[in-house]
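One structure is given below, encoded as structure tokens.
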Amino acid sequence: MAKGITKRSVDYSRWYLDVIAAAQMADYGPVKGCMVIRPTGYAIWEAMQSELDAMFKETGHVNAYFPLLIPESFLQKEAEHVEGFAPECAVVTHGGGKKLEERVVIRPTSETVIWSMYKNWIQSYRDLPLLINQWANVVRWEMRTRLFLRTMEFLWQEGHTAHATYDEAEEETLKILGIYKNFAEEYMAMPVLTGLKTEKERFAGAVKTYAIEAMMQDRRALQAGTSHNLGQNFAKAFDVTFQTENGKLEHVWATSWGVSTRLIGGLIMTHSDDNGLVVPPRLAPVQVAIVPIWRSDDEKTAVLERLHAITADWQGKIRFKLDDRDNYRPGWKFNEWEKQGVPIRLEMGPKDLASEELVMVKRHSGEKERIPQSAVYEKVNEALEQVQQELFERALAHREKNSHYVDSYSELKERLKDEGGFYYVHWNGKRESEDKLQEETKATIRVIPSDQPEENGQCIFTGEASSRRVVVAKAY
RNA sequence: CGGGGCGUGGCGCAGUCCGGUAGCGCAUCUGUUUUGGGAACAGAGGGUCGUAGGUUCAAAUCCUAUCGCCCCGACCA
């Protein structure tokens, strides 16, 4: 049925790329690993941006913009940070035809430039908290890239906040984590686990890294957003201090947090099917595609007239497209909108004109329904809500079905190989066990879940006592 | 960096082994008939075969070099 899209069961990775191509979401740029985001893909990003941006602003954050180019020496000021990022930096060595005195890196992330500026902006406890976000592009020289999931250049938002106390920074870190979870679940309809990253997986330069972690249809994990408590690491590296209420000088406490265009990859791999993209209604650039059907010019006029009347007051309420192109036939249009992931399709032809009905089709289920023309607006709104809900529930059920409690390492190894999924296992925090796990199974500890109850058990690697379970999975 | 694959009209490919008029499908344009799940027919336009050198009467095809991209792995949001 869907020409040109490889089935998920045949080759998941090929399927993913085919979905993107069929929906015209992105294309390869001329430089290896770089991606052109086409209008269909970018519209989804814009929808994500506008929702997230509103959430940040509601919680007191403001937007600003910092430069793309950073002096190389800045990266080196924070020991762990340089170690983590130096290998993947693109470095500018020449400008204006001359070799630069100091090389300049294209930002892989902006902590260093931003903290170099915060040094000038923060003097007193009265200047805190400083809650800044920026929407930007960053470059990381990755060895292996994949559209949306990992590209050399990607778009993201990065929040960088400064606080007077550790507790306040920690509170901010968790607040943002909550926003990310809410966004992922309520808008993307993508259920996520929240939790702390292990030391091994922690952001270079952070004291604590929290993440939201989602399960894709192939049962692999996708880290979909991170929120870091940076402690005083960057304040110390850039010597950012403030005077406290009682006159003492202290280093500022920091956080940083981000989500990227990777979310689009997550969206695709959570909901789409063998017929192409499926976009949840709240983020769909087009929520309803209307396909009129006619044979004669008279029929065309009548059908379009009726549809115009029905949609007369939809402007600003429902994002819809009346597809009245006459160089394509209905079947072609059905397919086209399907590949684009439009949640609801309405069909109306001569038959419906007479019966005062029309046909409503849901993209995610293929379910068709005849609805009275007098109630289209209500029915469509109802359906959009319902689809949003069903997509979330479907994804959640998939995650639940593929999440397992396992108490032996040998069983974990077997099952990781054969079925994938999330495994809740006891681990007592030893780095060596974590390294061994990755080496032997390619899987990693994704999160130490926030909502997991304390439970006495034995670490499956060492047999030592453990008080909690962590989530192990193979990841993107 | 290792393994695999590929560079030929806009896109997808065949042709390369065995040198001899650059081809097919899709897309595009024109016209007619069509239109409830990817329309049919007729016609048309569009290519220095990744790049550079070599062999030859003759190179997409053989030789040498080189550049690039994609997929799979190690590393990563």
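Per chain, numbering begins at 1; letters A, B, ... match sequence-line order.
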Quiz item: What nucleotide, of B/U28, B/C70, B/G36, holds the atom closest to the side chain of A/E347?
Solution: B/G36
Quiz item: NA contact type, A/K368, heavy-atom cut-off 4.0 Å: base, sugar-phosphate, or nothing?
Solution: base
Quiz item: Roughly how far apart, to the nearest Å, are B/G3 and B/A59 at atom P?
Solution: 34 Å
Quiz item: Would one find a side-chain N or O of A/K442 under 4.0 angstrom from OP1 or OP2 of B/A74?
Solution: yes
Practice problem: Could you check A/Q438 against A/W332 and say which one's nearest nucleotide on RNA chain B is further toward the 5' end? | Solution: A/W332
Quiz item: So does A/R345 reach the base of B/G37 with its side chain, donor to acceptor, closer than 3.5 Å?
Solution: yes
Quiz item: Reckon A/Y12 has a side-chain N or O less than 4.0 Å from the OP1 or OP2 of B/C71?
Solution: no
Practice problem: Sticking with atom C1', work out how far B/C24 lies from B/U32, rounded to a whole angstrom. | Solution: 26 Å
Quiz prompt | Under the salt bridge (Lys or Arg N to Asp or Glu O under 4.0 Å) test, residues paired with A/R14 that sit two or more places apart | solution = A/D18
Quiz item: What nucleotide among B/C71, B/U35, B/U28 has an atom nearest to a side-chain atom of A/R295?
Solution: B/U35
Quiz prompt | Those residues that, when tested against A/K474, pass salt bridge (Lys or Arg N to Asp or Glu O under 4.0 Å) (two or more places apart) | solution = none
Quiz item: Would one find a side-chain N or O of A/R144 under 4.0 angstrom from OP1 or OP2 of B/G73?
Solution: yes
Exercise. Please state the C1' separation for the pair B/G19 and B/C49 - nearest whole angstrom.
Key: 14 Å
Quiz item: For B/C72, does OP1 or OP2 lie under 4.0 Å from any side-chain N or O of A/R146?
Solution: yes
Quiz item: Pick one: which of A/F238, A/F203, A/W115, A/F74 meets ring-ring contact (aromatic ring centres under 6.0 Å, His included) with A/H81?
Solution: A/F203
Quiz item: Taking the side chain of A/R140 as heavy atoms from C-beta outward, which of B/C72, B/G38, B/A77 is closest to it?
Solution: B/A77
Practice problem: Using the C1' atom as the reference point in each nucleotide, state the distance between B/G7 and B/U51 in Å, no decimals. | Solution: 11 Å
Quiz item: Want to know the stems of RNA chain B: at least 3 consecutive Watson-Crick or G-U pairs with distances under 3.5 Å, which are they?
Solution: B:1-7 with B:67-73, B:10-13 with B:23-26, B:28-33 with B:39-44, B:50-54 with B:62-66
Exercise. Compare side-chain N and O positions of A/S13 against OP1 and OP2 of B/C72 and report whether any pair is under 4.0 Å apart.
Key: yes
Quiz item: So what does A/D352 touch, heavy atoms closer than 4.0 Å: a base, only the sugar-phosphate, or nothing?
Solution: base
Quiz item: Considering only B/A77, B/G38, B/C75, which nucleotide approaches the side chain of A/K339 most closely?
Solution: B/G38
Self-check item: Minimum-distance nucleotide (side-chain atoms of A/T151 versus B/G36, B/G38, B/A77)
Solution: B/A77
